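Just so it is clear: chains get the letters A, B, ... in the order the sequence lines come, proteins before strands, and each one is counted from 1. Everything numeric here is computed off the predicted structure, so don't read it as measured data. Note: hydrogens, waters and symmetry copies are ignored here, and every other heavy atom, side chains too, is used.
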Amino acid sequence: MATLPIEAVLPALKETLGTTENAVLVAAPGAGKTTRVPLALFEEPWLCGKKIVMLEPRRLAARAAAAFMARQLGESVGETVGYRVRMDTRVGPKTRIEVITEGVLTRMLQNDPALEEVGLVIFDEFHERNLHGDLGLALCLQSQALLREELRILVMSATLEAETVAELLGDAPVLSSAGRAFPVQTRFLESRAEGRIEPIVVQTIKQALAEESGDLLVFLPGTREIRRVESQLQAQGVGGQVKIVPLHGALSREAQDAAIAPSTPEVRKVVLATSIAETSLTVEGVRVVIDSGLMRVPRFSPRTGMSRLETVTVSRPSAEQRRGRAGRVAPGVCYRLWTEHEDKRLPMRSTPEILEADLAPLALELAVWGVHDPTELAWLDAPPAAAFAQARELLCQLGALTEDGTLTAHGKRMAEFGLHPRLAHLVLQAVPLQLGSLACELAAVLNERDFLPGQDADLRLRVEALRAGQADRGMIAEANRWKRALGVEAEEKGDLDYCGLLLAFAHPDRIAQRRGNGRFLLRNGRGAMFLDAQPLSFVPYLVAAELDDQGTESRIFLAAHVEESQLREHFQGQIETERIIEWDGGAKAVRARRRERLGSLLLKETTLQDPDADEVLGALLRGIAVEGLDLLPWTKAAKQLQERLTFMHQHDLSWPDVTRTALTDTLAEWLAPHLYGLKNREDLQRLQLVGILESMLSYAQRRELDECAPTHLTVPSGSRIPIDYSDLDAPVLAVRLQEMFGLQETPRIAHGRVPLTLHLLSPAQRPVQVTRDLASFWQNAYFEVKKDLKGRYPKHHWPDDPNLATPTHRAKPRGS
DNA sequence: CTCTCCCT
């Protein structure tokens, strides 16, 4: 066996762990640390015969590492070296090295916080900073501090974030080892790429095929871009010369295996991959990497409880990892589709999962561990407070925690399931309903990537396919394992009509009601919809399992029908009944209704038979305030009375203020007493506003009103002419000039304080003159006016001395 | 017009 670069640091590593508990080992990919380190250490005396457990981020990697090490010892897996991953365990009584996946460590710690049988925990590929890795390290560190001070912890990482890890491990020594990869030449863009990435990718692929030999690995953010690049390459005839192979997580295992297998020497291969090829899968025979510099990441929103996919710039470590994929078999080339200037500004690290993930599973693990406040543990990055609080709230809703945050028996059982708390709750709720078997099938379907993507969103199709053996074998095995754990294997297959109800246990916030047109309203108030019409578009209620959380209306990818009667039976305690008595602006009436709500969903609305009179009155008053005073019957008389009172108020503030503003502000005082039993505009139209306004006055004020602000004035002709109070500062008397003959002075009101403004009119009621000084008019302007009137109304009498003339109210001259 | 892993 060739000497690996890692061999150089092994003696120092043995010595370090012989004297101190914690250490950090930095080694580039390909240095051989994953297989060499456990084999070098498992017989060290400081282990005292205890085991080494090593964490891998992926099941595949864990099994592969165990198999490789077993071969090195000339044994098979399960002897000295074993592995323990989800759904698959191979360890025996002799096993000294257990390669496990990150989540398994959490379960081991929860069962045995002191890890009595373990002498050393190795965190491999720790730079990936997965949620379970971070949690496992935090728990291990506390176990070491409180229960097992001689427990060794070794963190292995490919990047220089080692220093911060070393600090977290109590200033642990850092050892490093060089990598073994071949050199890779990096080529940047000359100028910044604008617009879509696909044309530049296509152009670079063609350039690399011409300039370089060997297979190409192209990193794209997602399947959409992969499809576009593929079709553009085909359109440009590239597909004829080379084999174009997509590679992403939604592909079947066979398609993935075909994509990563080495190509035959005569056919060149262009692999179009997502970040799956960055760490999880190794594509054989690659000499050229083309990196779009983009990746899609899920971002969880504590506000909506959903994840959304975002396209982001890759971090520097990611870009380095991608570049390294070109140097595994020979010196290689990496085309980076950004400029050298932009390269300097790449983020120094990817965002650790704990900062952006759904923290409900973590919060449940911490509750089982006995930690209320995550700051009691040591973290590289503590769980963000908002997301953690949201997670605790969800756990309360699911009954895993009590109000004060203590773990319930139900919560403890949920944690033991190794399922997301929502799904564990679904399964546990189903058992007493004799739906345990269906629940296990549903949980298996929901726990994995959708195997019928793009098809009809109905979950029942997936469960049917699973029952027919058309799902992934692992998924079927998963369902069966839970059935055994619950003792429900023998249970009759639950009716598929219960899928929606069970899903509602997991996602009570995603119960949705039809709004029409394939659009739905979620219980949490958000909108959701199907892109194309399908049977589920027309059901009154459904529960959404998967949504995209983009924009104002989320797209529904996966859902199940639920009956209103099922919701009523199982969510009775969450249905709120409210009595609503409110003004209906459309009908212009008070509506009294009884509503049953499930969150934002209105399940039922009925008319309330005997609404409380005071509440009706309140709603009517609010209606009038909103609609305005025009809702009331303002007759001419009422309007004039309001103007007269306003006139009085202006001169004496002891009078009520009845301006529109004041009346609107004081509806409850002046109007409310007259509204009992009224409920709509028609009722209001029958009100007697004159009487209502008058009732605001004292007896003395009523008498004074007629004196000071009379409705009419009797002019010399004997006519009673109405006074117009609409201009508060200058009440107007509009009267034919002829009726005023003989009156010398301007008539006054308000105890003589306010002269009326006279609008003097022609016999045909046309305005002739406006004056507040009648005496002056007679003496001056009258003579000019007279000439004009004589011309136009020659048959009328236009005297030279108006003071001596007889006033007349007749429009036609006498005797005509 | 959907990233990717993982849980006795």
Salt bridge or not for [X] and [Y], using N-O below 4.0 Å?
| X | Y | value |
| --- | --- | --- |
| A:R58 | A:E125 | no |
| A:D381 | A:R349 | yes |
| A:E464 | A:R460 | no |

On DNA chain B, does the nearest nucleotide to A:H132 precede the nearest nucleotide to A:E225 from the 5' side, or the other way round? Give the residue.
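So the residue in question is A:E225.
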If you assign each of A:G418 and A:V297 to its closest nucleotide in DNA chain B, which residue comes earlier from the 5' end?
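Result of the comparison: A:V297.
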Round to a whole Å and report the spacing from [atom1] of [X] to [atom2] of [N].
| X | N | atom1 | atom2 | answer |
| --- | --- | --- | --- | --- |
| A:K412 | B:dT8 | NZ | C1' | 12 Å |
| A:L309 | B:dC5 | CG | P | 14 Å |
| A:R308 | B:dC1 | CZ | P | 17 Å |
| A:M306 | B:dT2 | CE | P | 15 Å |
| A:M87 | B:dC6 | CE | P | 13 Å |
| A:E117 | B:dT8 | CD | C1' | 13 Å |
| A:W369 | B:dC7 | CH2 | C1' | 16 Å |
| A:L547 | B:dT2 | CG | P | 13 Å |

For [X], answer base if it contacts any base atom (sugar-phosphate contacts may also be present), sugar-phosphate if it contacts only those atoms, and nothing otherwise; contact means non-hydrogen atoms under 4.0 Å.
| X | result |
| --- | --- |
| A:G103 | sugar-phosphate |
| A:T274 | sugar-phosphate |
| A:P57 | sugar-phosphate |
| A:T106 | nothing |
| A:N130 | nothing |
| A:R449 | base |
| A:E353 | nothing |

What nucleotide, of [options], holds the atom closest to the side chain of [X]?
| X | options | answer |
| --- | --- | --- |
| A:E546 | B:dC7, B:dT2, B:dC5 | B:dT2 |
| A:F557 | B:dT2, B:dT4, B:dC7 | B:dT2 |
| A:R555 | B:dC7, B:dC1, B:dT8 | B:dC1 |
| A:R224 | B:dC1, B:dT2, B:dC6 | B:dT2 |
| A:T89 | B:dC1, B:dT8, B:dC7 | B:dT8 |
| A:R59 | B:dT2, B:dC6, B:dC5 | B:dC6 |
| A:H248 | B:dT2, B:dT4, B:dC7 | B:dT4 |

Over 12 foreign heavy atoms within 6.0 Å of CD, A:E117:
no
Within less than 4.0 Å of OP1 or OP2 of B:dC7, is there a side-chain N or O belonging to A:T101?
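Checking A:T101 against B:dC7: at least one side-chain N or O falls below 4.0 Å of OP1 or OP2.
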Does the side chain of A:T311 come under 3.5 Å of the side chain of A:R296 through a donor N or O and an acceptor N or O?
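Yes, a side-chain donor-acceptor pair sits under 3.5 Å.
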Test item: side-chain donor near acceptor, A:E441 and A:W482, under 3.5 Å
no
